[in-house]
Amino acid sequence: MYFDYREYLKGNPDYQEMVEALKNETELFLRDYRDDSRLLSGWGHAYFCNEDGGRLIYDRKSPYAHRCSICGKVYREYLYNSCHVTMMRNEAVVTAVKCGLLYQLTDDTAYVEAVKGIIGYYADHYVEFAVHAKDKISCSATEDVGGAGKIMPQGLNEAIIAIRLVNAMELVKEKLEPEWLEHVKDHLFGPIVELLRPQKQHIHNIPVWINSAIGEMGLFFQNQDWILEATEKPFHLFKQLREGVTESGFWYEGSIHYNFFALEGVMSFLVFAKAYDYPVPKDCQDIVLHMLDAAYHYAFDNDIFPNPSDGWPNISMKTYSHIYYMGYHALGEKVLPYIKHIEANPLARPTLPLSEPYYFQNRIPLARMLFAPDLDELEAGELEKRCSSNFEASNCATLRNETYNLFFKYGHQTKSHAHPDKMNVEIMVKGKVLTKDLSNSGYASRMCREWHRNIAAHNTCIVNGEVMDITRSGQVLHFDAHQVSARAEAYDQVWYQRDLKLEGDVLLDTFTVDAAEESTVDWLFHLETPADRSSLSLTAVDTARFAQYGEKYMMEPVQIQGIGSSLAIENELAVLDIQVPEGAEVYLIKTYNNPANTRRDTILVRSRGCHIEVKNRITAKA
């Protein structure tokens, strides 16, 4: 069955506060919920402030004024109004799932009628919704990488809401009349399948969701053509897993968020397959288990994730706990130790600005209530302790000891969602962040386009101010529990090598650039907490020196004078002893963090030559 805990949860005092919240939230939403097929939905990645990348505050009762969560600026343009439509429709389909669960827990058929009302509107009016891909109207279904939608701005989003609507129907299935089911199948879900079917054209996270949606609809309505479309036709779900997941256990796009985003799409189908006794190939189950395990070993010891490439900032294992709950339902007790580990972590859950599933008080996901409300009563074994790992098939590695957690990205696999960050590092010192990757805000925001995806926002080297190649993989020269060295061609005829070694409280970091022609090389290192400037001789310089990176993003630059061959810079966590090339210039620059209401101190070492080497000896403070 899809939901096995009806009797367990009825009257269970541990969940009554959550149940009451679900009741209040659904009542508030349904009281004045209205949709209109004439309203065009907008791409959610545009619902961010252009000034600082802050997420705009969604208020369903304020469809024409959208305030930035950071700076407070109010946006009133049509673009943001259309995004508000998308948010409202997402809220509607999540409400349908809530109503389905509330029916199970209360036997109140008013919740069944609410599910039918939401889904019935879209079935009655689906033909009236315009086909569009983001802001392109009456376009081909394959116009954009995300495909076209009708209710939503992309095929991706259409697939996600289809899954949620089917999940809601599954929870009230016993109360749905055959005639009504036939109507919504013919007028909503069938047309959604036909819209999505041609959008399966490659290995990518979006076709994962499309296959999952078509497969769930097929299982629910027992439509064999749809089931086969999802599981056997070109670019089917199992092919996505077999070809899209590397041997290291990560989705190929090189982002931990998209790893989980693809995994959530897969898991949605696996949960439904379990409910309908549909056999999932053993090798695909093993791949999914490997993904869940690899993510645990990838995380820092505090469960915060290294975060290269596109995604969302400051995320952790707890951000994605709902996926582990789904995995427990679909794959069984092997997943339980990961859930126990996640729930034992006292840190608050970092949220997602888009595609955020429902969490009560940001603590309890709806997936826990559906699939493991008895978690506290279950016994689970301990997870293997994390150690240094080389995820060679995914071009990254971690080093760990009692003082440091270090993440090293030494190559690229694909342009999809990639940042120009070859040889980038992220470092924790005694559980606190010394330096991190910013990831990004919404893709349509200026902050994302101009800074988060800017090569200068990363801990790497830049040659002649140009953006590096983002397709070539790296080559590991050496790896053991305390040391990793890797080499990669970052530009044509320009080779990078970075050597990282842990020696107790010391981290040795050597970055070497070899170029066929004499070049200007900028070495960058971003500090999460400010550098102590009290002992440094500083002279203000013009931001024009860094114009190639965007002058407005390189703020308050100062040059450090009298550096000689080495320079000590410290902050509250560590002392950095930097050996700089002869004749190099060293700068401290204020740059944007993410979120952008805070700043980072950025160290920039500028030198010129064919062979450049910068050595950075990091010593943790007691």
Side-chain angles (χ1 to χ4, degrees), residues 29-44 46-47 58 60-64 77-97 99 112-144 146-169 176-199 206 209-210 213-214 216-218 220-221 223 226 229:
F29 180 82
L30 294 169
R31 186 181 301 160
D32 57 4
Y33 160 67
R34 297 289 183 277
D35 204 343
D36 191 323
S37 59
R38 294 171 295 181
L39 297 175
L40 202 68
S41 58
W43 191 34
Y47 208 60
Y58 165 69
R60 184 164 56 88
K61 297 183 186 250
S62 179
Y64 307 116
E77 294 87 346
Y78 170 76
L79 171 67
Y80 304 99
N81 299 341
S82 67
C83 291
H84 185 277
V85 173
T86 300
M87 305 297 173
M88 178 271 292
R89 289 175 180 164
N90 272 320
E91 188 179 3
V93 298
V94 171
T95 298
V97 178
C99 287
V112 179
E113 294 306 310
V115 172
K116 291 172 64 178
I118 292 170
I119 296 173
Y121 176 82
Y122 293 123
D124 292 343
H125 297 276
Y126 195 70
V127 69
E128 301 165 6
F129 285 83
V131 174
H132 64 293
K134 299 175 185 173
D135 58 351
K136 297 178 181 177
I137 304 173
S138 299
C139 58
S140 161
T142 59
E143 176 74 26
D144 180 83
K150 294 190 74 177
I151 299 171
M152 302 300 273
Q154 298 183 100
L156 167 64
N157 308 94
E158 205 91 348
I160 292 172
I161 67 162
I163 287 171
R164 290 175 178 167
L165 293 176
V166 171
N167 292 349
M169 289 194 300
L176 300 177
E177 304 86 352
E179 298 81 5
W180 186 86
L181 285 169
E182 193 68 21
H183 174 71
V184 299
K185 176 187 176 185
D186 292 344
H187 293 86
L188 177 61
F189 295 103
I192 288 177
V193 171
E194 296 312 308
L195 179 69
L196 297 179
R197 200 192 296 260
Q199 299 184 28
I206 293 173
W209 280 94
I210 288 172
I214 293 174
E216 278 201 33
M217 289 184 278
F220 182 87
F221 289 106
N223 185 307
W226 298 355
E229 182 66 51

Tell me the closest heavy-atom pair linking [X] and [Y], and the distance in Å.
X: A130; Y: I137; result: CB-CG2, 4.2 Å
X: A168; Y: V115; result: CB-CG1, 4.2 Å
X: G155; Y: L196; result: O-CD2, 3.5 Å
X: L30; Y: C99; result: CD1-SG, 4.0 Å
X: P153; Y: G42; result: CG-O, 3.3 Å
X: A133; Y: G147; result: CB-O, 3.7 Å

Within the structure provided, determine whether [X] and [Y] are in side-chain contact (heavy-atom separation under 4.5 Å).
X: Y58; Y: C83; answer: no
X: M88; Y: D35; answer: yes
X: D124; Y: H183; answer: yes
X: E158; Y: I151; answer: yes
X: I160; Y: M152; answer: no
X: F220; Y: L165; answer: no
X: R89; Y: N157; answer: no
X: F29; Y: R60; answer: yes

Audit row: M217, E229, side-chain contact (heavy atoms from CB on, under 4.5 Å) steps and yes/no: CA-CA 11 Å; M217 289 184 278; E229 182 66 51; over 6 Å; no
Presence of salt bridge, D144 and K134, under 4.0 angstrom: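 D144 and K134: salt-bridged.
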How long is the span from the [atom1] atom in [X] to the [atom2] atom in [Y], to the nearest 0.5 Å?
X: T86; Y: L39; atom1: OG1; atom2: CG; answer: 10.5 Å
X: L181; Y: D186; atom1: CG; atom2: CG; answer: 10.5 Å
X: I119; Y: I161; atom1: CD1; atom2: CD1; answer: 10.0 Å
X: L156; Y: W43; atom1: CG; atom2: CH2; answer: 11.0 Å
X: R197; Y: I214; atom1: CZ; atom2: CD1; answer: 6.5 Å
X: K61; Y: H84; atom1: NZ; atom2: NE2; answer: 11.0 Å

With R164, which residues qualify under salt bridge (charged side-chain N to carboxylate O under 4.0 Å, His left out), at least two apart?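 None.
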Residues which pass side-chain contact (heavy atoms from CB on, under 4.5 Å) with R34, listed by chain and number, not counting sequence neighbours: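 So R34 forms no side-chain contact (heavy atoms from CB on, under 4.5 Å) with any residue.
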Pair H125, D36: side-chain N/O donor-acceptor within cut-off below 3.5 Å: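 No.
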Please tell me whether S41 and H132 have a donor and an acceptor in their side chains that are separated by less than 3.5 angstrom.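 Looking only at side-chain atoms, H132 and S41 do form a donor-acceptor pair, the distance falling under 3.5 Å.
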Taking the inter-plane angle between the rings of Y122 and F129 on a 0 to 90° scale, is it parallel (under 30°), tilted (30 to 60°) or perpendicular (over 60°)?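 Taking F129 first and then Y122, their aromatic rings sit tilted (interplane angle of 30° to 60°).
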Indicate the ring-plane relationship of F189 and F221, choosing parallel, tilted or perpendicular according to the 30° and 60° boundaries.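 If you compare the ring of F189 with that of F221, the planes turn out tilted.
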For side-chain contact (heavy atoms from CB on, under 4.5 Å), just list the numbers for K116 and L176, CA-CA rounded to whole Å, side-chain angles, deciding distance to a tenth of an Å, and then say yes or no. CA-CA 8 Å; K116 291 172 64 178; L176 300 177; 3.7 Å; yes
Has Q199 got a side-chain atom pairing as donor or acceptor with A141's backbone, closer than 3.5 angstrom?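 At least one qualifying donor-acceptor pair exists.
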